[in-house]
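Report on the following structure.
All values below come from the heavy atoms of this structure, side chains included, with hydrogens, waters and symmetry mates left out.
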Amino acid sequence: MILFLAGTSDARELALQVKKAGYSLLTTVVTESAANSMEETGLPVRIGRLTEADLIELIQEEGFQAIVDASHPFAEEAHKNALSAAKATGIPYIRYERENAKFPDHNLITVVEGYKEAAELAAEKKGVIMLTTGSKTLKIFAERLLGQPDTTMIIRMLPRVDNLQKCEELGVPQKQIVAIQGPFSKELNKALYAQYEVTVMVTKETGKAGAFDEKVEAALEMGIEVIVIDRPTIEYGSQFSEYTGVIQQLNKFLRGGN
């Protein structure tokens, strides 16, 4: 049986491919909406964040033979917990990570290494700054941008109660919150940028499957500056960006295949 860390649309598709290859699996996700997406396709799912200790206990109790980590590219803590749990229990760890996005070398694009650097750069640029980086790191940006002169922070995030509560706790005005569920076309991105008169857009390098291209292309066509947060650097060992590579590696580890 495979312990499968999921939560994205491409992870769901990979999980179906693993199941089709004849493996039983349990998918794990963080949110109810992600769980519903898994259940709709008939995949067994467990909801909730898992610490390293949680993962070790689950592996030992259920007898999982391998971990396939197909969680979000920026779920750094989840990756490290899964790597450590696999090592502690002596089972194989396989990482699936969608391909990096390919974006032009453009004078409007600046790539940074982390959220704090992105917040500092956005503060320097001022203007109307739209964050498309999710709620988890919102505090970093709020502490640097809220209340600054000539600076307005617009937050685009999933329409979840906990997200809105976090905004309220941080003192983000409601008029600066765009609570909306993607995917977003280039045209919709443009409409939102125009509506809020955005001058700077902050995004994570989530890859093509994460609708990164549409966000960036829309911004560049409108002359909007883009701050791109690069993916965290982690040494995964066994890593693939194609579904077939994951299946072949599972076959090698568990069935003695090539």
Side-chain angles (χ1 to χ4, degrees), residues 8-9 31 33 72-74 98 100-231:
T8 62
S9 57
T31 66
S33 60
H72 193 278
F74 280 81
R98 60 178 65 148
N100 290 82
K102 296 178 176 62
F103 51 91
D105 182 9
H106 199 288
N107 63 350
L108 289 176
I109 298 178
T110 304
V111 180
V112 298
E113 292 186 359
Y115 299 100
K116 288 185 178 180
E117 187 179 349
E120 287 296 331
L121 182 57
E124 290 175 15
K125 293 183 178 296
K126 301 184 182 297
V128 180
I129 300 158
M130 177 172 279
L131 303 178
T132 66
T133 50
S135 63
K136 191 174 180 181
T137 57
L138 179 57
K139 185 178 180 181
I140 295 172
F141 291 95
E143 289 178 343
R144 191 65 186 86
L145 301 176
L146 275 182
Q148 294 302 304
D150 304 316
T151 302
T152 302
M153 183 178 71
I154 305 296
I155 303 160
R156 194 174 87 184
M157 56 173 52
L158 291 172
R160 295 198 330 237
V161 172
D162 58 327
N163 285 347
L164 297 175
Q165 288 175 337
K166 182 175 290 187
C167 288
E168 184 176 1
E169 290 167 3
L170 292 169
V172 180
Q174 289 185 7
K175 63 182 180 180
Q176 293 172 215
I177 303 169
V178 184
I180 187 171
Q181 171 83 50
F184 302 93
S185 64
K186 184 164 70 172
E187 290 70 26
L188 180 52
N189 278 302
K190 280 187 170 183
L192 289 171
Y193 298 156
Q195 174 68 27
Y196 290 92
E197 300 181 343
V198 174
T199 60
V200 179
M201 189 270 288
V202 184
T203 183
K204 297 183 290 190
E205 198 282 90
T206 54
K208 190 171 182 63
F212 175 87
D213 292 355
E214 290 81 357
K215 279 192 285 190
V216 173
E217 288 173 10
L220 295 181
E221 288 180 14
M222 295 177 69
I224 294 169
E225 293 190 72
V226 179
I227 299 174
V228 179
I229 301 169
D230 207 0
R231 294 186 190 183

What is the distance from atom [atom1] of [X] to atom [atom2] of [Y], rounded to the nearest 0.5 Å?
X: Leu145; Y: Ile129; atom1: CG; atom2: CD1; value: 4.5 Å
X: Gln195; Y: Leu188; atom1: CD; atom2: CG; value: 11.5 Å
X: Met130; Y: Glu197; atom1: CE; atom2: CD; value: 11.5 Å
X: Ile229; Y: Thr110; atom1: CD1; atom2: OG1; value: 12.0 Å
X: Ile155; Y: Phe141; atom1: CD1; atom2: CZ; value: 10.0 Å
X: Leu192; Y: Ile180; atom1: CG; atom2: CD1; value: 5.5 Å

Which heavy atom of [X] sits nearest a heavy atom of [Y], and at what distance?
X: Tyr196; Y: Ile177; result: OH-O, 4.4 Å
X: Lys186; Y: Glu221; result: NZ-OE2, 2.8 Å
X: Ala218; Y: Lys190; result: CB-CG, 3.7 Å
X: Gln181; Y: Pro159; result: N-CD, 3.8 Å
X: Leu164; Y: Ala179; result: CD2-CB, 4.4 Å
X: Ile140; Y: Tyr115; result: CD1-CB, 3.8 Å

Within the side chain of [X], is there an N or O that forms a donor-acceptor pair under 3.5 Å with the backbone of [Y]?
X: Tyr193; Y: Lys215; answer: yes
X: Gln176; Y: Met153; answer: yes
X: Thr203; Y: Val228; answer: no
X: Arg144; Y: Lys116; answer: no
X: Lys166; Y: Ser135; answer: yes

Is the closest side-chain heavy-atom distance between [X] and [Y] below 4.5 Å?
X: Arg160; Y: Ser33; result: no
X: Thr206; Y: Arg98; result: yes
X: Met201; Y: Thr132; result: yes

Report yes or no: is the cationic atom of Arg156 (NZ for Lys, CZ for Arg) under 6.0 Å from the centre of the six-membered ring of Phe184, at an angle within 45° of the ring normal?
-> yes

Of Asn189, Val216, Val198, which meets side chain to side chain contact (heavy atoms under 4.5 Å, CB included) against Ile224?
-> Val198

Crowding at CD, Gln148 (>12 non-hydrogen neighbours, <6.0 Å) | yes

Are there more than 12 heavy atoms of other residues, nucleotides or ligands under 6.0 Å from atom CD of Glu113?
-> no

Can Ile227 and Val202 be said to form a side-chain contact (heavy atoms from CB on, under 4.5 Å), step by step?
-> CA-CA 5 Å; Ile227 299 174; Val202 184; 4.2 Å; yes

